[in-house]
Amino acid sequence: MYSETTRSLTVSVQPIYLEDQSSPADNHFVWAYRVRIENAGAETVQLLRRHWKITDAMGRVQEVKGSGVVGEQPVLHPGDSYEYTSGTPLSTPSGIMVGTYEMETLNGERFDIAIPAFSLDSPHQKMRLN
């Protein structure tokens with residue numbers, strides 16, 4: 001589990017390699033990731049947008065930006081949490097994801113919170129000793 005806190009909002013991520021949806025012989029590797037956002041602060045906030053940077057084992061970076069997450073723009077009152085599951089494919093057996101969520105308070109203040117960098121690892125990644 002990977003976690004990071006910004007302004008009393010904690011984002012935790014658990015990546016899961018999906019063997020049944022992957023095809024290593026075709027350089028197709030798929031992960032799901034479970035995200036939990038917890039509001040330990042005193043403000044009600046809404047998640048407006050997401051921005052992901054997905055880097056594969058070859059160093060190729062794909063950026064994903066969009067409204068909300070999984071079709072929703074959840075509102076988190078103090079003490080609330082929100083969870084969702086999404087996924088990503090890569091053409092390499094490992095990679096890294098990191099990003100931000102754009103949040104908005106009830107008074108219209110917008111700010112970004114960090115999504116912790118997390119590793120996408122499959123059992124097909126060859127280990128090398130340096």
* **Worked check of side chain to side chain contact (heavy atoms under 4.5 Å, CB included) between Leu90 and Trp31** => CA-CA 8 Å; Leu90 288 179; Trp31 288 264; 3.6 Å; yes
* To do: Start with the C-alpha distance between Arg7 and Thr105, add both sets of side-chain angles, then the distance that settles side chain to side chain contact (heavy atoms under 4.5 Å, CB included), and finish with yes or no.
  => CA-CA 12 Å; Arg7 281 182 63 163; Thr105 64; 4.2 Å; yes
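Through direct or relayed side-chain contacts under 4.5 Å between Ile, Leu, Val, Met, Phe, Trp and Tyr, Met58 connects to no other residue. Under the 4.5 angstrom side-chain criterion for Ile, Leu, Val, Met, Phe, Trp and Tyr, Leu48 has no cluster partners at all.
For the pair Tyr17 and Val30, the tightest heavy-atom approach, listed with the atom from each and the gap, is CD1-O, 3.5 Å. Here the shortest heavy-atom pairing between Ala117 and Tyr2 reads O-CD2, 3.4 Å. Here the shortest heavy-atom pairing between Pro15 and Ser119 reads CG-O, 3.5 Å. The two residues Pro78 and Ala42 come nearest to each other via the heavy atoms CG-O, 3.4 Å. Asn39 and Glu43 get closest at one heavy-atom pair: ND2-O, 2.8 Å.
Residues forming a side-chain hydrogen bond (donor to acceptor under 3.5 Å, both in side chains) with Thr88 (at least two apart in sequence, or on another chain): none. When the side-chain hydrogen bond (donor to acceptor under 3.5 Å, both in side chains) test is applied to Thr10, the partners found at least two apart in sequence or on another chain are Thr5. For Asn27, the side chain to side chain contact (heavy atoms under 4.5 Å, CB included) partners at least two apart in sequence or on another chain are Phe29. Considering only residues two or more places apart in sequence or on other chains, Glu4 meets the side-chain hydrogen bond (donor to acceptor under 3.5 Å, both in side chains) condition with none of them. Among residues two or more places apart in sequence or in another chain, the side-chain hydrogen bond (donor to acceptor under 3.5 Å, both in side chains) test is passed with Glu19 by His124. Contacts of Asp20 classified as side chain to side chain contact (heavy atoms under 4.5 Å, CB included), with partners at least two apart in sequence or in another chain: Leu18.
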In residues 92-100, what donor-acceptor pairs under 3.5 Å come from side-chain atoms, sequence neighbours left out?
unit_1 : atom_1 : unit_2 : atom_2 : d
Thr92  : OG1    : Ala57  : N      : 3.0
Thr92  : OG1    : Ser94  : O      : 2.8
Ser94  : OG     : Gln125 : OE1    : 2.8

Show me the donor-acceptor pairs within less than 3.5 Å that the side chains of residues 59-68 make with the rest of the protein, sequence neighbours left out.
unit_1 : atom_1 : unit_2 : atom_2 : d
Arg60  : NE     : Asp56  : OD2    : 2.6
Arg60  : NH2    : Asp56  : OD2    : 2.8
Arg60  : NH2    : Ser91  : OG     : 3.2
Glu63  : OE1    : His51  : NE2    : 2.5
Ser67  : OG     : Gln73  : NE2    : 3.1

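Rounding to the nearest 0.5 Å places CE of Met103 at 8.5 Å from CD of Gln46. Atoms CG and OH, from Leu47 and Tyr84 in turn, are 7.5 Å apart once rounded to the nearest 0.5 Å. Here Ile37 contributes atom CD1 and Leu76 contributes atom CG; the two are 6.5 Å apart, rounded to the nearest 0.5 Å. The distance from the OH atom of Tyr82 to the CD atom of Glu38 is 14.5 Å, given to the nearest 0.5 Å.
Between Val45 and Leu9 there is a side-chain heavy-atom pair separated by less than 4.5 Å. A 4.5 Å side-chain heavy-atom check between Val13 and Arg34 finds every atom pair outside the cut-off.
Checked options Asp112, Val11, Ile113; the residue passing with Thr6 is Ile113 (criterion: side chain to side chain contact (heavy atoms under 4.5 Å, CB included)).
Ring pair Phe118/Tyr33 is tilted by interplanar angle, where 30° to 60° counts as tilted. Aromatic ring pairs are classed by plane angle as parallel below 30°, tilted from 30° to 60° and perpendicular above 60°; the pair Trp52 and Tyr101 is perpendicular.
Using a cutoff of 4.0 Å between basic side-chain nitrogens and carboxylate oxygens, Glu104 and Arg49 are not scored as salt-bridged.
The salt bridge (Lys or Arg N to Asp or Glu O under 4.0 Å) contacts involving residues 66-84 comprise Arg36-Glu83, where partners must be two or more places apart or lie in separate chains. For the salt bridge (Lys or Arg N to Asp or Glu O under 4.0 Å) condition, no pair includes a residue of residues 92-101, sequence neighbours left out.
Side-chain polar atoms of His77 and Thr44 form a donor-acceptor pair below 3.5 angstrom.
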